[in-house]
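Take a look at the structure below.
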Amino acid sequence: QVQLVESGGGLVQAGGSLRLICSASGGAFSRYTMAWFRRVPGKERALVAAISRLDDITYYVDSVKGRFTISRDNAKNTVFLQMDSLKPEDTAEYYCAARPSRFYAPSPSDYDYWGQGTQVTVSS
């Protein structure tokens with residue numbers, strides 16, 4: 001059983017940066033592909049970025065390419081989402097997720113473990 005805890009959310013002006021951190025415990029972290037999802041009220045969670053368990057494959061949704069960077073530190077059981085050039089449309093609750101697989105998957109149902117979420121609000 002893996003426990004995930006997110007931190008690093010907050011309020012930032014458009015054009016600013018935030019770094020989200022997801023700390024994992026309770027499992028062999030390097031076995032899991034990790035991902036960040038986000039949800040806005042009234043919509044389903046949507047995949048933002050993912051990183052394979054060996055750190056060799058990353059995925060980004062088109063709307064964040066060139067602005068967000070996902071990375072992981074398997075020695076510290078941590079995954080990061082560096083968010084630069086933030087836009088008001090990035091405002092959402094951000095969730096960390098894990099799946100015991102070599103590859104990422106686009107659907108929330110493909111992930112076994114979730115954090116509680118952290119709010120990111122970007123003001124215009």
Side-chain angles (χ1 to χ4, degrees):
Q1 190 81 2
V2 176
Q3 293 81 45
L4 303 174
V5 178
E6 303 98 333
S7 61
L11 173 63
V12 64
Q13 288 188 330
S17 297
L18 284 173
R19 189 189 197 203
L20 303 185
I21 301 169
C22 175
S23 299
S25 61
F29 182 71
S30 60
R31 292 182 54 222
Y32 295 87
T33 283
M34 302 299 297
W36 288 96
F37 285 75
R38 64 187 179 188
R39 180 169 63 187
V40 297
K43 292 191 175 182
E44 296 292 323
R45 295 182 188 186
L47 180 63
V48 175
I51 186 165
S52 65
R53 60 190 183 189
L54 297 180
D55 199 16
D56 56 347
I57 301 172
T58 56
Y59 164 85
Y60 298 94
V61 68
D62 285 347
S63 60
V64 308
K65 285 180 180 177
R67 300 189 298 121
F68 290 12
T69 303
I70 189 170
S71 61
R72 66 189 295 163
D73 184 339
N74 285 347
K76 296 183 178 180
N77 292 355
T78 305
V79 62
F80 308 94
L81 186 67
Q82 178 67 39
M83 305 187 295
D84 299 318
S85 303
L86 281 161
K87 303 176 181 180
E89 51 264 43
D90 295 317
T91 295
E93 187 86 3
Y94 283 72
Y95 297 86
C96 176
R99 68 189 300 258
S101 173
R102 173 78 172 84
F103 302 103
Y104 77 91
S107 173
S109 62
D110 292 316
Y111 291 79
D112 294 338
Y113 304 104
W114 291 86
Q116 81 289 350
T118 185
Q119 178 66 36
V120 171
T121 303
V122 184
S123 62
S124 58

Query raised in the report: L4 and Q116: which non-hydrogen atoms are nearest, and at how many Å?
Result: O-OE1, 3.8 Å
Query raised in the report: Is any side-chain heavy atom of E44 less than 4.5 Å from a side-chain heavy atom of P108?
Result: no
Query - 4.5 Å side-chain heavy-atom contact, M83 and D90 - result: no
Query raised in the report: So Y113 and Y32, would you call those rings parallel, tilted or perpendicular, with 30° and 60° as cut-offs?
Result: perpendicular
Query raised in the report: What is the minimum heavy-atom distance between S52 and T33, and which atoms define it?
Result: CA-OG1, 3.5 Å
Query raised in the report: Looking at side-chain heavy atoms only, is the closest gap between P100 and R31 below 4.5 Å?
Result: yes
Query raised in the report: Applying disulfide (SG to SG under 2.5 Å), which residue pairs with at least one partner in residues 57-124 are found, sequence neighbours left out?
Result: C22-C96
Report summary line: Tracing side-chain contacts under 4.5 Å among Ile, Leu, Val, Met, Phe, Trp and Tyr outward from V40 reaches none
Query raised in the report: Do the numbers put R72 on top of the ring of F29, so that NZ or CZ is under 6.0 Å from the six-membered ring centre and no more than 45° off the axis?
Result: yes
Query raised in the report: So, does Y60 use its side chain to make a donor-acceptor pair with the main chain of I70 at under 3.5 Å?
Result: yes
Query raised in the report: Is the cationic atom of R99 (NZ for Lys, CZ for Arg) positioned less than 6.0 Å from the six-membered ring centroid of Y111 and within 45 degrees of its normal?
Result: yes
**Report entry** Euclidean distance, R45 CZ relative to S107 OG, rounded to 0.5 Å
**Finding:** 11.0 Å
Query - Distance, nearest 0.5 Å, that separates CE of M34 from CG of N74 - result: 9.5 Å
Query raised in the report: Is any side-chain heavy atom of I57 closer than 4.5 Å to a side-chain heavy atom of R102?
Result: yes
Requested in this report: For residues Q82 and S17, determine if any side-chain heavy atom of one lies less than 4.5 Å from a side-chain heavy atom of the other.
Outcome: yes
Query raised in the report: Below 4.5 Å, heavy atoms only, C-beta onward: do Y104 and I51 meet side chain to side chain?
Result: no
Query raised in the report: Salt bridge between D62 and K65, side-chain N to carboxylate O under 4.0 Å?
Result: yes
Query raised in the report: Any donor and acceptor pair, going by atom type alone, linking the side chain of T118 with main-chain N or O of G9 inside 3.5 Å?
Result: yes
Query raised in the report: Less than 4.5 Å apart, any side-chain heavy atom of K87 and any of R67?
Result: yes
Report task. Search all heavy atoms of V61 against all heavy atoms of L47 and return the closest pair with its distance. Result -> CB-O, 3.7 Å
Report summary line: CD (Q3) and CG (N77) are apart, to the nearest 0.5 Å, by 11.0 Å
Query raised in the report: Which atoms form the tightest heavy-atom contact between T78 and S23, and what is the distance?
Result: OG1-OG, 4.4 Å
Requested in this report: Could you go through the side chain to side chain contact (heavy atoms under 4.5 Å, CB included) check for F37 and V48 one step at a time?
Outcome: CA-CA 5 Å; F37 285 75; V48 175; 5.6 Å; no
Query - Shortest non-hydrogen separation from L81 to A49 and the atoms involved - result: CD1-CB, 4.1 Å
Report summary line: Of all heavy-atom pairs linking E6 and W36, the shortest is CG-CZ3, 3.8 Å
Query raised in the report: With a 4.5 Å limit on heavy-atom distance, are the side chains of V64 and R38 in contact?
Result: yes
Query raised in the report: Can you check whether V2's main-chain N or O pairs, donor with acceptor, with D112's side chain at less than 3.5 Å?
Result: no
Requested in this report: Kindly work out whether a path of hydrophobic side-chain contacts (I/L/V/M/F/W/Y, heavy atoms less than 4.5 Å apart) joins Y59 to L20.
Outcome: yes
